[in-house]
2 protein chains.
Amino acid sequence: MKHTTIKDVAKRLNVSISSVSRAFNDKYDIKKETKELILKTAEEMGYHPNPIAQKLSQKKTFNIGIVVPEFVNEYYSEIIIGIQEVFISHGYQVLIMQSDENADQELANVKTLINNMVDGLIIAPTMESNNMNFYLKQYQKGYPIVFMGRVEESLPASKVLFDNKKWSFFATEHLIRQQYKKIYHLSGYKNLSVSNDRIQGFLKAMDKHKIPKENYKVIEGGLMAKHGIAIVEDLIYKNDLPDAFFCFNDLMAFGVIKRLKSNGLRVPEDIAVMGFTETQMAELNTPQLSSVKQPTFEMGKKTAELLLKLIDKGPEQPETIILNGELNIRESTLNEKVTDNT
Amino acid sequence: MKHTTIKDVAKRLNVSISSVSRAFNDKYDIKKETKELILKTAEEMGYHPNPIAQKLSQKKTFNIGIVVPEFVNEYYSEIIIGIQEVFISHGYQVLIMQSDENADQELANVKTLINNMVDGLIIAPTMESNNMNFYLKQYQKGYPIVFMGRVEESLPASKVLFDNKKWSFFATEHLIRQQYKKIYHLSGYKNLSVSNDRIQGFLKAMDKHKIPKENYKVIEGGLMAKHGIAIVEDLIYKNDLPDAFFCFNDLMAFGVIKRLKSNGLRVPEDIAVMGFTETQMAELNTPQLSSVKQPTFEMGKKTAELLLKLIDKGPEQPETIILNGELNIRESTLNEKVTDNT
DNA sequence: AAAATCATCGGAAACGTTTCCGAAAACGGT
DNA sequence: ACCGTTTTCGGAAACGTTTCCGATGATTTT
């Protein structure tokens with residue numbers, strides 16, 4: 001467990017500590033031969049610079065922190081993988097913490113990460129809370145922070161967003177084109193900006209195609225399958241089922257499909273169901289689920305690159321990157337009566 | 001960005017640096033009043049000890065590293081959450097790296113983590129490779145390492161395992177009791193010890209119930225849905241379909257179900273399908289998938305606790321924890337002709 | 001040949017803690 | 001009033017780097 005230090009290497013070669021340091025850091029003021037000699041014997045001695053000492057000396061931790069609501073589902077996992085790819089290749093290590101969809105936990109996580117002196121932070125907030133004030137204050141004090149996902153476009157900081165309104169619109173329009181007449185949107189929690197964006201997209205499509213008000217509805221759901229199940233349950237009880245459901249995410253869609261089937265209803269023959277934020281199960285489910293695929297990996301990479309720039313070059317004009325998705329039509333929203341499937 | 005240091009606090013109160021340190025570290029040799037005074041003014045000045053400096057001084061990084069094959073699927077995500085819960089509450093930060101089911105990548109990850117001087121390592125190997133020699137050598141040199149999952153019971157180091165053989169046996173026996181006569185096991189890669197354990201369990205059940213050799217088969221699959229699909233495809237082509245499939249994991253089971261359905265076969269009426277390592281989709285799929293639930297969260301916690309002990313108390317007798325699961329019977333393996341569903 | 005430049009290196013401060021060692025102060029007992 | 005403890009504290013070394021500053025000798029310029 002005894003580590004060989006820079007001193008050991010220096011002593012062995014009868015050179016100074018500074019020379020060894022210079023050799024390892026590619027400095028100009030060292031002769032080529034001595035540098036090579038140093039590197040060679042250091043290699044032989046199994047010397048690796050102690051990262052902690054380097055960090056102390058350089059006043060950088062080469063750690064960055066990520067706070068996400070959760071990473072059990074694929075969405076944030078994939079984003080994290082994208083982030084890691086960028087940072088690890090730049091010599092950083094990534095600390096991941098989850099807020100469990102809880103604003104207090106989120107704030108606590110951010111504070112631990114700051115106390116651990118991470119060089120930068122990526123925050124995917126669970127919801128708009130007054131935490132944002134704290135985060136923004138840190139950002140304005142010069143702490144490098146980049147936001148991701150559930151924040152408003154007006155936020156005065158760099159961020160990477162998905163164009164929820166647009167793709168919600170496209171998804172809804174697809175349902176309309178498939179000639180589903182009565183369409184219900186099961187939204188996410190309404191205190192999430194993404195939920196509202198998708199509601200906006202839904203309503204915009206309704207408006208454009210002049211669907212009468214009694215033929216559509218927005219019902220507040222949540223994030224999980226059980227929310228979809230509960231809502232369908234309720235609608236069955238009220239005898240108020242639509243032709244098509246457009247769900248906030250795939251998980252809710254799976255819940256909806258399950259509950260419909262257990263009531264003897266077929267998807268899509270009786271009722272169509274559309275998801276959002278595509279999961280790998282969309283293809284494997286019966287029926288295969290139509291959904292909107294978000295470019296998770298790319299979102300992670302872009303976010304990481306923004307933060308890296310912020311760390312290296314200091315604060316400049318905040319940048320907002322809005323990414324596009326992909327509407328993947330599958331069995332669950334195909335109306336057999338419609339031949340033109342555009 | 002200018003941090004207040006221990007010196008600033010000391011100077012302000014005209015005490016020594018050591019006293020401030022003592023106050024923060026709950027040392028005995030400091031008067032209660034001065035300690036409180038120091039803590040109060042430190043608080044006022046917004047002083048937090050610099051963790052990097054602490055780490056350098058204490059020769060500990062308070063970082064631990066985890067290497068997993070992947071964390072897109074729920075299995076490792078949940079394990080990681082269990083690990084984090086233990087370590088974060090003990091003041092550690094957790095560095096997570098994924099090997100992408102690639103042994104070289106895995107080794108590289110372990111080496112980066114060691115170079116980053118993590119205080120301990122949790123390795124969930126992708127497969128038995130000669131990496132194990134390297135890991136064991138580090139372990140024997142005194143580096144705290146705990147293994148998880150895909151390792152053999154004979155490995156001379158602390159580890160947390162799932163009793164794959166036992167639960168594979170139970171799962172298979174359930175299929176036999178449901179009077180499925182011809183049962184095929186789609187295994188995982190045969191260079192994984194877990195695959196072999198589950199094969200053993202499968203064969204043991206066949207043996208116990210004296211199933212004739214021509215009525216069962218072990219087919220090497222993999223880890224993903226597409227492997228299940230490909231195998232079913234092949235069996236259909238060869239006209240060699242069984243009454244029931246027992247799959248290495250849920251993902252393969254979903255692939256199997258999908259491919260069977262697209263051939264007009266019903267699950268479970270025509271063919272039953274059983275998964276393993278239960279996912280949240282098992283309940284939501286149609287039909288609901290029978291599977292074996294692994295105690296992922298607990299596995300994470302146990303692993304973390306083993307490592308924590310290893311770090312704190314040094315190497316003792318290696319400990320092996322083998323955890324039990326839960327056989328969850330659902331629609332996909334219920335034979336309507338059988339009334340006694342035990 | 002003197003002066004200026006350049007390449008190469010060593011010494012030491014600095015980064016911000018913890019901790020060892022010893023000293024001063026307070027205290028109790030005789 | 002003296003001595004031995006105990007309590008409380010300060011000084012300084014140590015952790016392992018990076019980097020600034022200056023020194024030395026070699027090389028080039030005038």
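So you know, we letter chains A, B, ... as the sequences are listed, proteins then strands, and number each from 1. Here the structure is a predicted model, which means the values were calculated and not measured. Keep in mind that the numbers below use all heavy atoms, side chains included, and drop hydrogens, waters and symmetry copies.
Rounded to a whole Å, the NZ atom of B/K60 is 16 Å from the C1' atom of C/dT17. Atom CG of A/D26 is separated from atom P of D/dT18 by 12 Å (rounded to the nearest Å). Atom NZ in A/K35 sits roughly 12 Å away from atom P in C/dC9 (whole-Å rounding). If you take CD1 of A/I17 and P of C/dG11, they are 9 Å apart, rounded to a whole angstrom. Nucleotide C/dG16 holds its C1' atom 8 Å from the CD1 atom of B/I6, rounded to whole Å. One interatomic measurement links the two molecules: NZ of B/K59 to P of D/dT17, which rounds to 11 Å at whole-angstrom precision. Rounded to whole Å, the distance from CG on A/N14 to P on C/dT8 is 20 Å. The CG-P distance, from A/L13 to C/dT8, rounds to 17 Å in whole Å.
One finds a side-chain N or O of A/N25 lying less than 4.0 angstrom from the OP1 or OP2 phosphate oxygen of D/dT18. An OP1 or OP2 oxygen of C/dT17 is reached within less than 4.0 angstrom by a side-chain nitrogen or oxygen of B/Y47. One finds a side-chain N or O of A/S21 lying less than 4.0 angstrom from the OP1 or OP2 phosphate oxygen of D/dT18. Taking side-chain N and O atoms only, A/K27 has a distance below 4.0 Å to OP1 or OP2 of D/dT19. Between A/T34 and the phosphate of C/dC9, there is a side-chain N or O to OP1/OP2 separation shorter than 4.0 Å. OP1 or OP2 of C/dG10 has at least one side-chain nitrogen or oxygen of A/S16 nearer than 4.0 Å.
Heavy-atom nearest nucleotides on DNA chain D were determined for A/L56 and for B/R22, and the one closer to the 5' end corresponds to B/R22. Residue whose closest nucleotide on DNA chain C sits further toward the 5' end, between B/F24 and A/K31: A/K31. Both B/A53 and B/V15 lie near DNA chain D, and the one whose nearest nucleotide falls closer to the 5' end is B/V15.
The aromatic rings of A/Y92 and A/F87 sit perpendicular to each other, their planes meeting at more than 60°, with 30° as the lower class boundary. Using cut-offs of 30° and 60° for the angle between ring planes, the A/F71 and B/F71 rings count as perpendicular.
Among the protein residues, B/S19 comes within range of the sugar-phosphate backbone only, with heavy atoms under 4.0 Å from sugar or phosphate atoms but none that close to a base. Backbone-only contact: A/I30 has heavy atoms under 4.0 Å from sugar-phosphate atoms and none from a base. Within 4.0 Å of B/D29, counting heavy atoms only, lies at least one base atom of the nucleic acid.
In the displayed structure, B/Q140 atom CD is contacted under 6.0 Å by more than 12 heavy atoms of other residues, nucleotides or ligands.
For C/dG16, the base has no donor-acceptor partner in the side chain of B/S57 [N/O atoms by modelled type, under 3.5 angstrom].
The distance between the ring centers of B/Y143 and B/Y135 does not fall below 6.0 angstrom.
In the set C/dT18, D/dG11, D/dT18, D/dT18 carries the atom at the smallest distance from any side-chain atom of A/Q54.
Here A/K40 pairs with A/E44 in a salt bridge; the nearest charged N to carboxylate O distance falls below 4.0 Å.
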Take B/Y139 and B/F147 through the ring-ring contact (aromatic ring centres under 6.0 Å, His included) test and state the conclusion after the steps.
CA-CA 11 Å; B/Y139 173 74; B/F147 295 90; 7.2 Å; no
